[in-house]
Amino acid sequence: MAETKKQIPESGHVAPYHHAAAGWGALKYVAINLFKERVSGANYKTLFAQNQPDGFDCPGCAWPDREHASTFEFCENGVKAVAAESTSKRVTPEFFAAHTVAELLAQSDHELEQHGRLTHPMVYDAARDRYKPVSWDAAFKLIAGELKALDEPDQAAFYTSGRASNEAAFLYQLFGRAYGTNNFPDCSNMCHEATSRGLPGTVGIGKGTVTLDDFEHADTLLIFGQNPATNHPRMLGELRECARRGATIVSINPLRERGLERFTSPQHPLEMLTMSSTPISSMFVQPRLGGDFALIKAVAKRLLELDDMALLTGAPRLLDLDFIAAHTTGFQDFARDLRTESWALLLEESGVQRAQVEQLTNVYIRGERVIATWGMGLTQHKNSVPTVQMLSNLMLMRGNIGRRGAGLCPVRGHSNVQGDRTMGIEERPTPAFLDRMEKVFGFAQPRHHGYDVVATIAAMMEGKVKVFVGLGGNFAMATPDTPLTFKALQSCELTVHISTKLNRSHLIHGRKALILPTLGRTEIDTRNGVPQGVTVEDSMSMVHISYGLSKPASPDLLSEIAIVSRMAEATLGQRCKLPWKAYRDDYALIRDDIEKVFDDFYDFNARVARPGGFHLKVASREREWVTASGKAQFVPHAIERDTPIRRARARYGERLMVMMSTRSHDQYNTTIYALDDRYRGVFGLRRVIFINQADIDMLGMKNGDHVDVETVWDDGVERRVRDFRLVAYDIPRGCLGAYYPETNPLVPLASVADGAGTPTSKSFPVLLTRTSVAAVA
Ligand SMILES: Nc1nc2c(c(=O)[nH]1)N[C@H]1C(S)=C(S)[C@@H](COP(=O)(O)OP(=O)(O)OC[C@H]3O[C@@H](n4cnc5c(=O)[nH]c(N)nc54)[C@H](O)[C@@H]3O)O[C@H]1N2
Ligand SMILES: Nc1nc2c(c(=O)[nH]1)N[C@H]1C(S)=C(S)[C@@H](COP(=O)(O)OP(=O)(O)OC[C@H]3O[C@@H](n4cnc5c(=O)[nH]c(N)nc54)[C@H](O)[C@@H]3O)O[C@H]1N2
Ligand SMILES: [Mo]
């Protein structure tokens, strides 16, 4: 952040990338990466055990893996994630003794990450502005003391990042609820929340309806707002197979992501040796930021028009009338709304030409088995819930849900973000779930809703949340409105972070603060001589077990499960009869209790012991609709006419631009591995803004000029970041791309997805001004 650390001038360059995604570029990166990270010899083998039946679940992303994979599934993202965890560098008590927190704050996120793995529990020493070692017992005593001193349990918030295992997450929510709160903000509040809140209203379940098997049968794939070459590289392998079978793949993205154009599969030696590649997307649709809602609605409207024509001419109908009649409600209202919707408004909002809408509709209609996938490009806008529901409507129109080779495929981020939610990390638990918890564990559950991420920050600001515990993640940097969030965290009485590596959240701390170092998923976790496995649920609802293989980074680490259970024991004391010690001594016992709470986890230990694990039932996949009506529901939505972006544009005209914040190729969320974004042709730079050349001209600037960015918001707070370099790019007029977390200070806390509370990280209204030389110097 410009506000918190010295700004080092960046000396990189921009050069378009002309090769296919993955291929030798990825291999070369990995070779260099391993060398740089100095992964110790013993840990090399770790890299080859990811996503193998007897190995660990890759902490890289939530894309599922093929069962019984016989060869090492090469994935640059996975290698980076594992290498980062297996680094031989250490952040020791000596390291902390040598640096004040103020000094560390001056380092970039990239530098903080490079220091390596945390080795000892540390407590903040305010007198010396340093972290000093603390015993585990004393750490838990400190937490218990602070939690017990609160006026009410809702003054604590328990954050979860999506790497936590099912077992750790289950114990964490059990502890939080036994303590008395539903304050479980989690990373998914910033991620696929719009999916989890939107889909239940249409198909009943907030999860995807496809499995990998469906990818083998799909003939059409619509990829919305996703950059899989960077964020889900193994998905590209799947898309490659689809493309080679002749499936049509459409990328719907304001950026024409190079990684969706061509792909050289590292899994296929011939493609590597002949330097050949497979074309992936055959069509690119570039809506403006947040324009997907209007685009999808336009396609639905066009489909209805064509179906009307078919009805008139006696041609085969294009709607799946049998499916609509048997399985859905609300079609008539939905169709009426589509018929009255204005074409002009849909086209203007989407930023897509009518001819291309028609072309996309034709592709959709030609598809007998269509899968729609989506990522953050759909979920981080004000209108994200309506967008997800509109996509679901479109799929329902042709019965593309609950059929082989077709369905909804939200592509989740963190490797167990979906599982954490399944386990009850949920600030708005259902009464049914709480009843069941009460029955199984015999204590009254807190019934009122808790805080999500944004509400947690607001509550900290108001002094309503005083203790923050983070099970993984980097709350300070992942969240919006950075300077305000920093203040919120700093106003806490106690901040606790259960972490593998040093990050800025450790440095933006409460009056008291703890860093509790934990085992990563790649590491051996043994209790009383018996290796323990943990389970995860991937983006397609497959649950499998994961065993670490490397030696732990330090003998003083505890597993997340041990930390959570000891925190619970210390806090809840004798009055709590839950078997915390037994849980941490044998993780199978946790699974036994998970099974008691969730019927779908029947025979959990037995089923998860099978190679590949098991698939959790997703009712909508089987055309069972757990909605109010018992049917899948068409949900009409209007285009919103009064939004902060529209108001800002009315005030500033074309100078007002909409910005999105996205990931570069060399980062994992807030973890910056390196400074390149290979496929977008950016090297050694992170403070860049992708912008249409015509907009650069309109501003009277030149490609490469430096600008400051200011958010247009009406609360009187100045939100500004300085000195970003303009990079002319193939992006629609009026739209800007930049990296997260550098641009998080621009996202107002109040700017969230309606009905989901997700920060609008993919659309916020900004103005650009030339950076004055004085400001930089
Ligand atoms: N290597 C690596 N892997 C990761 C991560 C990582 O940081 N690094 N993060 C993990 C996590 S937690 C997640 S959630 C996923 C994220 O994976 P993605 O969902 O791919 O997330 P982003 O990189 O933020 O951006 C997504 C894409 O959305 C496009 N986009 C932006 N706005 C819009 C819009 O309005 N409409 C449309 N149609 N597209 C838009 C952007 O151009 C970009 O291509 O990846 C996971 N995997
Ligand atoms: N502007 C903007 N903001 C965004 C986004 C965006 O696209 N734009 N994306 C949002 C999304 S999709 C997400 S998911 C969030 C991510 O938010 P978070 O999940 O909070 O952030 P991460 O950067 O993934 O967390 C990294 C830290 O997790 C810790 N860690 C790593 N592995 C483990 C482990 O195994 N156990 C434990 N206990 N700790 C571990 C390490 O200390 C590391 O520093 O950010 C969100 N914020
Ligand atoms: Mo995410």
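The analysis underlying the following values was restricted to heavy atoms, covering all of them including side chains, and did not include hydrogens, waters or symmetry mates. First listed ligand is number 1; within each ligand, the first listed atom is number 1.
Annotation for ligand 1: atoms under 4.0 Å from non-hydrogen atoms of His414 are 12 (S). Every atom of ligand 2 with a heavy atom of Gln380 under 4.0 Å away is listed here by number and element: 5 (C), 6 (C), 7 (O), 9 (N), 10 (C), 12 (S). The contact set between ligand 1 and Cys191, taken as ligand atoms under 4.0 Å from a residue heavy atom, comprises 14 (S). For ligand 1, the atoms lying closer than 4.0 Å to a non-hydrogen atom of Ile252 are 37 (C), 38 (N). Near Gly375, the atoms of ligand 1 lying under 4.0 angstrom from a non-hydrogen atom of the residue are 19 (O). Taking a cut-off of under 4.0 Å to the non-hydrogen atoms of Gly290, the atoms of ligand 1 that pass are 34 (C), 35 (O).
Polar contact check, Arg288 against ligand 1: no nitrogen or oxygen pair lies under 3.5 Å apart. Polar contact check, Gly291 against ligand 1: no nitrogen or oxygen pair lies under 3.5 Å apart. In terms of N/O distances under 3.5 Å, ligand 2 is approached by Ile498. Taking distance alone, with nitrogen or oxygen atoms compared against 3.5 Å, Asn227 approaches ligand 1 more closely than that limit. For ligand 2, the polar-atom distance check against Tyr159 finds a nitrogen or oxygen pair separated by under 3.5 Å.
Counting heavy atoms only, Ala478 comes closest to atom 47 (N) of ligand 2 of the residues Ala478, Ala84, Pro480. Proximity annotation for atom 30 (N) of ligand 1: of Ser661, Ser763, Gly473, Gly377, Gly377 comes nearest, heavy atoms only. In the candidate list Asn77, Asp666, Asp292, Val658, Asp292 is nearest to atom 38 (N) of ligand 1, counting heavy atoms. In this structure, of Thr760, Asn474, Ile563, the residue bringing a heavy atom nearest to atom 21 (O) of ligand 2 is Asn474. Comparing Leu260, Asn253, Thr230 by heavy-atom distance to atom 42 (O) of ligand 1, the nearest is Asn253. Proximity annotation for atom 46 (C) of ligand 1: of Gly413, Gly737, Pro233, Gly413 comes nearest, heavy atoms only. With distances taken over non-hydrogen atoms, the option nearest atom 28 (O) of ligand 1 out of Gly60, Gly225, Ala81 is Gly225. Closest heavy-atom approach to atom 7 (O) of ligand 1 within the set Ile731, Asn669, Thr671: this belongs to Asn669.
Ranking the protein heavy atoms by distance from atom 22 (P) of ligand 1 puts Thr662 OG1, 3.3 Å first. Among protein heavy atoms, the minimum distance from atom 10 (C) of ligand 1 is reached at Tyr668 OH, 3.5 Å. Scanning the protein for heavy atoms near atom 32 (N) of ligand 2, the closest one is Arg163 NH1, 3.0 Å. For atom 44 (O) of ligand 1, the nearest non-hydrogen atom of the protein is Glu257 OE2, 2.5 Å. Nearest protein heavy-atom contact of atom 36 (N) of ligand 2 is Glu560 OE2, 2.6 Å. For atom 8 (N) of ligand 1, the closest non-hydrogen atom on the protein side is Gln667 O, 2.7 Å. If you check which protein heavy atom lies closest to atom 43 (C) of ligand 2, you get Asn503 ND2, 3.7 Å. In terms of protein heavy-atom proximity, atom 19 (O) of ligand 2 is closest to Ser161 OG, 2.7 Å. Of all protein heavy atoms, the one lying nearest to atom 40 (C) of ligand 2 is Thr500 OG1, 3.5 Å. Among all protein heavy atoms, the one lying closest to atom 23 (O) of ligand 2 is Thr670 OG1, 2.5 Å.
Atoms OH and CG, from Tyr159 and Leu471 in turn, are 10.0 Å apart once rounded to the nearest 0.5 Å.
Residue contacts with ligand 1, taken as heavy atom pairs separated by less than 4.0 Å, involve Arg663 via backbone and side-chain atoms alike. With a heavy-atom cut-off of 4.0 Å, Asn231 touches ligand 1 through backbone and side chain alike. Contacts of His232 with ligand 1, taken as heavy-atom pairs under 4.0 Å, involve the side chain alone. Contacts with ligand 1 closer than 4.0 Å are made by side-chain heavy atoms of His381 only, the backbone lying farther away. Contacts with ligand 1 closer than 4.0 Å are made by heavy atoms of both the backbone and the side chain of Met376.
Residues Asn416 and Asn166 bring a donor and an acceptor atom of their side chains to less than 3.5 Å of each other.
Ring-centre distance between Tyr668 and His414: below the 6.0 Å cut-off.
At a threshold of 4.0 Å, the pair Glu560-Arg584 does not count as salt-bridged, since none of the basic side-chain nitrogens sits closer than that to a carboxylate oxygen. Under a 4.0 Å N-O distance rule, the pair Asp677/Arg686 does not qualify as a salt bridge. Using a 4.0 Å cut-off between a side-chain N of Lys or Arg and a carboxylate O of Asp or Glu, Arg421 and Glu537 do not qualify as a salt bridge.
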